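Here is the structure we will look at.
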There are 2 protein chains.
Amino acid sequence: MAQVKNNYQFEDMLQKHNLKKTAPRLRVLSMMYSKNTATSQPDLESVMNDIDRVTLYRILNVFEEKGIIHKVFDLNGTANYAVCHSDCQENHHHDEHLHFNCTVCKNVYCLNELNMPRLTLPAGFEAQGFTLYASGLCPKCSKKSAVKVN
Amino acid sequence: MAQVKNNYQFEDMLQKHNLKKTAPRLRVLSMMYSKNTATSQPDLESVMNDIDRVTLYRILNVFEEKGIIHKVFDLNGTANYAVCHSDCQENHHHDEHLHFNCTVCKNVYCLNELNMPRLTLPAGFEAQGFTLYASGLCPKCSKKSAVKVN
DNA sequence: TTATAAATACAATAATGTTGCATTTGTGTT
DNA sequence: AACACAAATGCAACATTATTGTATTTATAA
């Protein structure tokens with residue numbers, strides 16, 4: 001699930017996007033790539049509490065601008081960020097997959113493997129992008145609830 | 001588009017849900033039913049600036065709990081609320097339609113007429129609900145941009 | 001008309017996100 | 001290797017959005 005990358009690859013990523021290789025940015029990258037769920041600013045802040053809040057916000061913003069991560073809102077309306085896959089470019093995201101928000105663990109999964117169904121809009125509407133949300137139980141939480149643990 | 005209802009009908013709605021018929025609630029209802037787009041707390045506040053902000057938040061919350069309106073987040077992650085159609089019940093929303101967020105006027109349209117495509121999730125995921133988002137130009141704004149007004 | 005529970009208004013607080021600026025750091029150049 | 005400069009970070013202040021507690025007001029049923 002989670003894409004495995006080493007520190008050299010993260011440095012390359014930054015360089016490719018004309019971003020300086022700084023410790024905070026590398027740490028954010030490695031955290032986001034180590035998980036298969038999206039990450040919010042609060043998530044980052046709780047782990048990297050030695051990095052300034054504002055810095056984290058700004059890192060997330062540049063990464064999004066550069067097409068490294070994309071933003072997705074969870075059920076509570078808080079912004080979460082997930083690593084983009086190959087076909088995202090600067091200021092032009094291809095975010096057309098299913099976002100699954102677990103109602104128990106609150107994690108947001110990007111299910112890239114699912115391709116979006118084509119659909120036609122009512123007359124007059126011109127869509128530029130689609131996003132599909134689902135909420136429910138993720139594999140981990142549905143297993144837990146089945147055996148009534150917790 | 002916008003559902004036409006009179007004040008008696010709004011009073012009935014409140015009564016049906018065991019909510020007291022108060023002036024703020026009736027005003028919120030009539031505003032929300034008069035538009036075909038979703039409404040945010042800031043929207044309400046700018047129009048009804050004589051009503052306390054907190055009251056508006058609480059009204060939106062009860063209405064959502066009672067299944068009168070449902071919450072949908074716009075592109076900026078701010079909560080918008082739209083009137084539900086018939087099949088929503090208390091604490092059990094049927095929100096499975098397309099939400100269209102115009103990138104120009106920022107309005108959120110609920111396109112109920114569009115039925116959701118069926119889709120199968122990866123193994124282990126148990127979906128309870130789906131929501132489909134699209135962003136782009138709404139009919140009004142696409143017409144404007146075509147004739148290069150503004 | 002009155003009693004009571006519910007709803008509102010107001011004040012205070014919390015959480016989240018943004019802006020401006022001084023300081024520090026990375027990087028290309030000498 | 002050292003310097004210069006732009007970029008990034010850290011810090012302080014502020015803005016916005018949402019929540020909680022409580023006194024006051026209001027709707028409704030007795």
Side-chain angles (χ1 to χ4, degrees), chain A residues 7-8 10-31 38-66 68-81 90 106 108, chain B residues 7-8 10-31 38-66 68-81 90 106 108:
Chain A
N7 216 53
Y8 291 111
F10 295 139
E11 293 185 1
D12 281 352
M13 290 180 60
L14 293 176
Q15 193 159 41
K16 245 175 237 155
H17 291 99
N18 295 313
L19 296 173
K20 288 188 178 172
K21 305 169 199 165
T22 66
R25 285 175 177 168
L26 289 169
R27 286 170 64 192
V28 169
L29 277 181
S30 98
M31 160 147 178
T39 308
S40 64
Q41 186 277 338
D43 290 340
L44 291 173
E45 196 178 339
S46 69
V47 178
M48 309 179 190
N49 45 19
D50 54 323
I51 302 179
D52 193 75
R53 267 162 21 86
V54 181
T55 302
L56 294 174
Y57 276 113
R58 290 200 257 234
I59 288 177
L60 292 171
N61 284 338
V62 258
F63 283 6
E64 195 199 7
E65 278 169 24
K66 298 292 188 174
I68 300 174
I69 58 178
H70 66 260
K71 193 195 285 192
V72 44
F73 292 103
D74 66 16
L75 292 171
N76 305 314
T78 52
N80 283 61
Y81 294 87
E90 186 152 352
K106 312 295 180 199
V108 176
Chain B
N7 216 53
Y8 290 111
F10 294 139
E11 292 187 1
D12 281 352
M13 288 180 61
L14 292 177
Q15 195 159 40
K16 245 175 240 155
H17 291 98
N18 295 312
L19 296 173
K20 289 187 178 174
K21 304 168 199 168
T22 65
R25 285 176 177 168
L26 289 168
R27 286 170 65 191
V28 170
L29 277 181
S30 98
M31 160 150 178
T39 309
S40 65
Q41 186 277 338
D43 290 341
L44 292 174
E45 195 177 341
S46 68
V47 177
M48 310 178 190
N49 44 19
D50 54 323
I51 301 179
D52 193 76
R53 271 163 20 87
V54 181
T55 301
L56 294 174
Y57 276 113
R58 290 201 253 235
I59 287 177
L60 291 172
N61 284 338
V62 258
F63 283 7
E64 195 199 6
E65 278 170 23
K66 297 292 188 175
I68 300 174
I69 58 178
H70 65 260
K71 192 194 285 190
V72 44
F73 294 102
D74 66 16
L75 292 172
N76 305 312
T78 53
N80 284 62
Y81 294 87
E90 184 151 353
K106 313 295 179 197
V108 176

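Given the structure is predicted, the values throughout are model-derived calculations rather than measurements. Reminder, nothing fancy here: chain letters follow the sequence lines and each chain counts from 1.
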Check whether any side-chain heavy atom of [X] lies under 4.5 Å from a side-chain heavy atom of [Y], and answer yes or no.
X        : Y        : answer
Asn61(A) : Tyr81(A) : yes
Thr55(A) : Ile59(A) : yes
Leu60(A) : Lys71(A) : no
Arg58(A) : Val62(A) : no

5' to 3' contact window, DNA chain D with chain A (heavy-atom distance under 4.0 Å) = dA6(D) to dA12(D)
Within this structure, what is the [atom1]-[atom2] distance for the pair [X] and [Y], rounded to the nearest 0.5 Å?
X        : Y        : atom1 : atom2 : result
Leu56(B) : Met48(B) : CG    : CE    : 7.0 Å
Asn49(A) : Leu44(A) : CG    : CG    : 11.5 Å
Ile68(B) : Glu64(B) : CD1   : CD    : 11.0 Å
Phe73(A) : Asp74(B) : CZ    : CG    : 7.5 Å
Leu19(A) : Phe63(A) : CG    : CZ    : 6.5 Å
Lys66(A) : Leu14(A) : NZ    : CG    : 10.5 Å

Among residues 43-52 of chain B, which contact DNA chain D at a heavy-atom distance under 4.0 Å?
-> none
Given protein heavy atoms under 4.0 Å, the one-letter contact record of nucleotides 18-28 of chain C, with B base, S sugar-phosphate only and - none, is simply BBB-----BS-
What one should report as the nearest heavy-atom pair of Ala38(B) and Asp43(B) is O-OD2, 4.1 Å
Taken in chain and number order and not counting sequence neighbours, the residues that satisfy side chain to side chain contact (heavy atoms under 4.5 Å, CB included) with Arg53(B) are Gln41(B), Glu45(B), Tyr57(B)
side-chain hydrogen bond (donor to acceptor under 3.5 Å, both in side chains) contacts touching residues 18-27 of chain A (sequence neighbours left out) = Arg27(A)-Asp50(A)
Round to the nearest Å and state the distance from Phe73(A) atom CZ to dT16(C) atom P.
-> 14 Å
Would you indicate what Pro24(B) reaches in the nucleic acid, counting non-hydrogen atoms under 4.0 angstrom: base, sugar-phosphate, or nothing?
-> sugar-phosphate
Can you pull out how bent the helix from dT1(C)-dA30(D) to dT30(C)-dA1(D) is, comparing the axes over its first five and last five pairs, to 10°?
-> 30°
